[in-house]
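Structure, as structure tokens:
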Amino acid sequence: MRLTQGAFSFLPDLTDAQIQKQVEYCIAKGWAVNIEWTDDPHPRNTYWDLWGLPLFDIKDPAAVMFELAECRKANPTGYIKMQAFNASIGTESCVHAFIVQRPNYEPGFFLQRTENDGRFIRYTIVSYATQKLPAGDRY
């Protein structure tokens, strides 16, 4: 199974040169770039862990690529994504997001079935990645 979140998800993984081109594009637009990582890519897990501070006012793509390399060293088996935010209208709106690293093996998800009153059945998507260690022990 291949996780498909953000731009480019249906394409082969981007090379570092292609990632740098995206960073250059974001910087040219004046967008702030940040790097996030997680071990739980659940579709409703919209709050990934922020790597360092958002890179406001960065004009050199090499600085962003350096931070990406450091995040990869610290999280070699996790998911890493890059996001860009446009603050030109007074709010920070995510205008670009794409995954830059994924684990070699993506365990996927399963549907957990729960029966409620009146034979009502509720389904919940659960990540296999979270099954090996509970939330408090994963970090």
Side-chain angles (χ1 to χ4, degrees):
M1 183 199 137
R2 182 174 169 86
L3 182 71
T4 54
Q5 292 183 13
F8 316 125
S9 291
F10 293 95
L11 299 176
D13 292 339
L14 298 178
T15 64
D16 281 355
Q18 292 169 324
I19 293 169
Q20 183 164 338
K21 287 289 186 189
Q22 292 302 314
V23 171
E24 290 169 4
Y25 175 78
C26 294
I27 290 173
K29 294 289 226 174
W31 298 339
V33 178
N34 76 346
I35 298 169
E36 295 182 346
W37 66 275
T38 190
D39 64 346
D40 177 17
H42 189 285
R44 291 192 181 179
N45 179 12
T46 58
Y47 299 107
W48 290 23
D49 292 297
L50 186 61
W51 177 259
L53 296 173
L55 302 169
F56 298 107
D57 299 323
I58 296 292
K59 303 297 181 218
D60 184 7
V64 178
M65 297 305 290
F66 172 79
E67 290 299 328
L68 174 58
E70 292 299 306
C71 185
R72 283 177 170 163
K73 285 182 201 172
N75 306 293
T77 61
Y79 290 87
I80 301 174
K81 75 177 166 183
M82 197 170 284
Q83 295 179 312
F85 293 86
N86 181 2
S88 65
I89 58 171
T91 62
E92 285 197 13
S93 301
C94 183
V95 292
H96 193 32
F98 56 99
I99 294 175
V100 295
Q101 175 181 295
R102 56 184 73 238
N104 292 331
Y105 171 70
E106 296 184 75
F109 305 94
F110 66 92
L111 285 176
Q112 182 175 2
R113 177 182 167 163
T114 307
E115 294 188 27
N116 292 326
D117 294 337
R119 298 184 64 174
F120 180 75
I121 298 174
R122 181 176 305 259
Y123 292 94
T124 305
I125 299 172
V126 181
S127 172
Y128 283 116
T130 61
Q131 297 302 302
K132 51 187 169 174
L133 291 174
D137 295 332
R138 291 200 325 261
Y139 305 108

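Throughout, numbering of the chain's residues begins at 1 and tracks the sequence.
Between P76 and Q101 the shortest heavy-atom distance is O-NE2, 3.5 Å. Smallest separation of non-hydrogen atoms from C26 and A84: SG-CB, 3.6 Å. The two residues D16 and R72 have their closest heavy-atom pair at OD1-NH1, 2.8 Å. Taking each heavy atom of L50 and P54 in turn, the nearest pair found is CD2-CD, 3.9 Å.
Rounding to the nearest 0.5 Å places SG of C71 at 12.5 Å from NZ of K81. Taken from CH2 in W37 to OG1 in T77, the straight-line distance is 9.0 Å, to the nearest 0.5 Å. Separation of atoms CD1 (I58) and CD (E67) is listed at 8.5 Å; rounding is to 0.5 Å. A distance of 7.5 Å separates CG in N34 from CG in L55, rounded to the nearest 0.5 Å.
Tracing side-chain contacts under 4.5 Å through hydrophobic residues (I, L, V, M, F, W, Y), one reaches L14 starting from V64; they form part of the same cluster. I80 and I19 fall within a single hydrophobic cluster, where Ile, Leu, Val, Met, Phe, Trp and Tyr side chains are chained together by heavy-atom contacts under 4.5 Å. Both V23 and L11 are members of a single hydrophobic cluster when ILVMFWY side chains are connected at heavy-atom separations under 4.5 Å. The hydrophobic clustering, which links ILVMFWY residues whose side-chain heavy atoms are closer than 4.5 Å, places F85 and I35 apart.
Shown here is L111, whose CG atom has more than 12 heavy atoms of other residues, nucleotides or ligands within 6.0 Å.
At least one side-chain heavy atom of V33 sits under 4.5 Å from a side-chain heavy atom of M82. With a 4.5 Å cut-off on side-chain heavy atoms, N75 and W51 count as touching. With a 4.5 Å cut-off on side-chain heavy atoms, F98 and H96 count as touching. Counting heavy atoms from C-beta on, the side chains of F8 and Q22 come closer than 4.5 Å.
Between the E36 side chain and the Y47 main chain, no donor and acceptor come within less than 3.5 Å of each other. Although no hydrogens or angles enter the test, the distance criterion places no donor-acceptor pair under 3.5 Å between the side chain of R102 and the main chain of D13.
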*Which is it for N86 and K29 under the side chain to side chain contact (heavy atoms under 4.5 Å, CB included) test, yes or no, and what are the steps along the way?*
CA-CA 8 Å; N86 181 2; K29 294 289 226 174; over 6 Å; no
